[in-house]
Amino acid sequence: QVQLVESGGGLVQAGGSLRLSCAASGNIFSVYAMGWYRQAPGYQRELVASITREGRIIRADSVKGRFTISRDNAKNTVYLQMNSLKPEDTAVYSCNANIRSTQSDYPDDYWGQGTQVTVSS
C-alpha cells in the first residue's frame, strides 16, 4: 500500500509565505512524478505544479515567480514553497503522485487528503 501525507497548510496574510510538504510511503517501487493540485469553493481542481523524477517541472502561469516546487527523491517527498500569497490562492491543496508499487507492473495515481491554505487580506 502507498500513502501520501501532507503538511504545511494554514492561515496567512496576503504577501506571506507557506511551505507545503508531501511524503509518499509504503510499498514503493518507483515514484515517477509528484505534484500539487488545488481546489477552491465553486471551482474545479487545477494543477498548481508538478515535478518528475528527472526534474521536469510544470507550473500554472498564475503561480510562476511566486511558487517553487522541489523534490527529494531519496525521501519520496515533494515541496511547494509559496511566496507572495494572494487571497485568490485560498484553496485546499492536495498532493498527487504517480507511483509504481512493489505489487504492480504499472504506476497508479495516489492522492493525499488535502491541506487547507487560507490567505486573508
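Residues V2 and D108 fail the side-chain proximity criterion, which asks for heavy atoms closer than 4.5 Å. Looking at V78 and L80, their side chains never come closer than 4.5 Å, going by heavy atoms from C-beta outward. Taking 4.5 Å as the limit, every side-chain heavy atom of V31 sits out of range of all side-chain heavy atoms of N73. You'll find the side chain of P107 stays beyond 4.5 Å of the side chain of I99, heavy atoms only.
Judged as a ring-ring contact (aromatic ring centres under 6.0 Å, His included), not a single pair has a partner in residues 42-85 (not counting sequence neighbours). Screening residues 47-63 for salt bridge (charged side-chain N to carboxylate O under 4.0 Å, His left out), with sequence neighbours left out, gives D61-K64. Among residue pairs with one or both ends in residues 8-18, none qualify as salt bridge (charged side-chain N to carboxylate O under 4.0 Å, His left out); sequence neighbours excluded. Under the disulfide (SG to SG under 2.5 Å) criterion, the residue pairs touching residues 83-121 are C22-C95, with sequence neighbours excluded. Within the structure, every pair that satisfies the ring-ring contact (aromatic ring centres under 6.0 Å, His included) test and touches residues 95-121, not counting sequence neighbours, is listed here: Y37-W111. Applying the disulfide (SG to SG under 2.5 Å) test to every pair with at least one member in residues 38-90, sequence neighbours left out, gives no pairs at all. Among pairs with a residue in residues 83-105, those fulfilling salt bridge (charged side-chain N to carboxylate O under 4.0 Å, His left out) read R38-D89, R66-D89, R100-D105, at least two apart in sequence or across chains.
Rounded to the nearest 0.5 Å, atoms OG (S50) and CD1 (I69) are 6.0 Å apart.
As a member of the Ile/Leu/Val/Met/Phe/Trp/Tyr network built from side-chain separations under 4.5 Å, V92 groups with nothing else and remains a singleton. Through side-chain heavy atoms spaced under 4.5 Å, either directly or across other Ile, Leu, Val, Met, Phe, Trp or Tyr residues, V5 is tied to no other residue.
Within a 6.0 Å radius of CD in Q3, other residues, nucleotides and ligands contribute 12 heavy atoms or fewer. Summarising the local packing, CD of Q44 is surrounded by 12 or fewer heavy atoms from other residues, nucleotides or ligands at distances under 6.0 Å. Crowding of Q116 atom CD: a count of heavy atoms from other residues, nucleotides or ligands under 6.0 Å exceeding 12.
With sequence neighbours excluded, no residue satisfies side-chain contact (heavy atoms from CB on, under 4.5 Å) with Q1. Checked against side-chain contact (heavy atoms from CB on, under 4.5 Å), T102 has the following partners two or more places apart in sequence or in another chain: N27, F29.
Contact between Y93 and E6 at its shortest, heavy atoms only, is O-OE2, 3.9 Å. Contact record, R71 with T52: NE-O, 3.6 Å, taken as the closest heavy-atom pair. M34 and A97 get closest at one heavy-atom pair: CG-CB, 3.9 Å.
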Less than 3.5 Å apart, which donor and acceptor atoms pair up between the side chains of residues 7-20 and the rest of the protein, not counting sequence neighbours?
unit_1: S17; atom_1: OG; unit_2: N83; atom_2: OD1; d: 2.8

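Side chain of S94 to main chain of G112: no donor-acceptor pair is present (N/O by atom type, distance under 3.5 Å, no hydrogens or angles).
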